[in-house]
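We count ligands from 1, going down the list as the structure has it; atoms in each ligand are counted the same way. For clarity, every value in this text was computed on a predicted model and none was experimentally measured.
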Amino acid sequence: MIIKKLNGLSYFCFEKLSEFSEIKHGVFTRKGGVSSGVCEGLNVGIVPEDYDRNVAKNRELILKEFKGDYVVSTKQTHSKVIFIAKKELDTGKGIEADASITDQKGALLLIKTADCQAVILYDPVKKVIGNIHSGWRGSVANIIGETVSSMVKEFGSNPENIIACIGPSLGPCCAEFKNYRDEIPEIYWNYHTENNHFDFWSISFDQLIDSGVPEENIESSDICTKCNPDLFYSYRYEKNTGRFGTAVMLKE
Ligand SMILES: [Zn+2]
């Protein structure tokens with residue numbers, strides 16, 4: 001990944017997405033931003049530990065950085081529901097969904113996480129972007145596969161053209177599931193590493209492959225959030241904390 005520092009903000013970009021000048025994307029670290037206390041920095045998640053006005057300001061900073069028109073942000077509930085933003089100013093506000101897809105220019109798709117994965121999708125042929133929130137529940141529900149299918153159905157995408165990038169999240173080093181026999185279906189038990197740890201990065205990779213995305217189009221950041229709490233909010237590290245933002249937008 002490539003790190004960019006601009007206007008007090010600091011964010012990571014994927015090499016595979018940086019090839020396309022018609023989109024902006026980034027995984028924002030907690031650097032910069034107006035939140036304080038346990039959420040200090042660029043918190044973009046509505047949480048009890050932060051003021052909504054701070055969250056709004058932080059989201060505004062990202063929008064301004066990308067020169068976007070509006071933020072698309074849904075209420076994430078660990079579902080496999082996908083919000084399709086087909087019209088201008090479809091912001092997803094108040095809608096429960098864990099992925100968004102759009103072909104609208106200037107619409108900044110924002111995913112908020114602290115250990116869960118954000119997965120960015122881009123179809124450079126149909127000019128459609130997607131952004132997914134996939135925690136372990138999302139992994140088990142295969143929201144990644146569902147989102148690729150939605151891009152095919154709603155926008156005529158061919159999975160062979162889709163670029164997919166898996167963001168910083170809980171790595172196999174820290175993804176301990178003591179009760180995995182109760183929580184995680186048996187079909188995923190071969191992703192069990194050792195000492196009740198799971199490799200959710202590989203689950204996402206394989207779900208993308210199963211959806212028809214070519215291996216050479218997939219990039220994983222391989223950065224663990226719990227191992228890097230100075231850069232990212234981590235629920236497992238801090239419990240009461242903020243959410244960092246992963247954003248993608250088609251430029252005007
Ligand atoms: Zn780790």
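- A side-chain donor-acceptor contact under 3.5 Å links N217 to the backbone of I162.
- Screening residues 170-179 for side chain to side chain donor-acceptor pair (under 3.5 Å) gives no qualifying pairs among residues at least two apart or on separate chains.
- Within the 4.5 Å cutoff, no side-chain heavy atoms of D90 are placed close to those of V72.
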Anything under 3.5 Å between a donor and an acceptor, one on a side chain of residues 55-69, the other on a protein residue two or more places apart or in another chain? List them.
unit_1	atom_1	unit_2	atom_2	d
N58	OD1	V34	N	2.9
N58	ND2	S35	OG	2.9
N58	ND2	G41	O	3.4
N58	ND2	N43	O	2.9
N58	ND2	N54	O	3.3
R59	NE	V44	O	3.0
R59	NH2	V44	O	2.9
E65	OE1	N7	ND2	3.3
E65	OE2	Y11	OH	3.4

Side-chain donor-acceptor pairs under 3.5 Å in residues 240-247, sequence neighbours left out?
unit_1	atom_1	unit_2	atom_2	d
T241	OG1	E238	OE1	3.3
R243	NH1	T241	O	3.3

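- Listed by chain and number, the protein atoms of type N/O/S under 2.8 Å from the Zn ion (ligand 1) are C173 SG, C174 SG, C224 SG, C227 SG; waters are omitted.
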Next on the checklist: Between R30 and E40, is the salt bridge (charged side-chain N to carboxylate O under 4.0 Å, His left out) condition met? List the steps.
Outcome noted: CA-CA 7 Å; R30 47 191 302 179; E40 184 172 350; over 6 Å; no

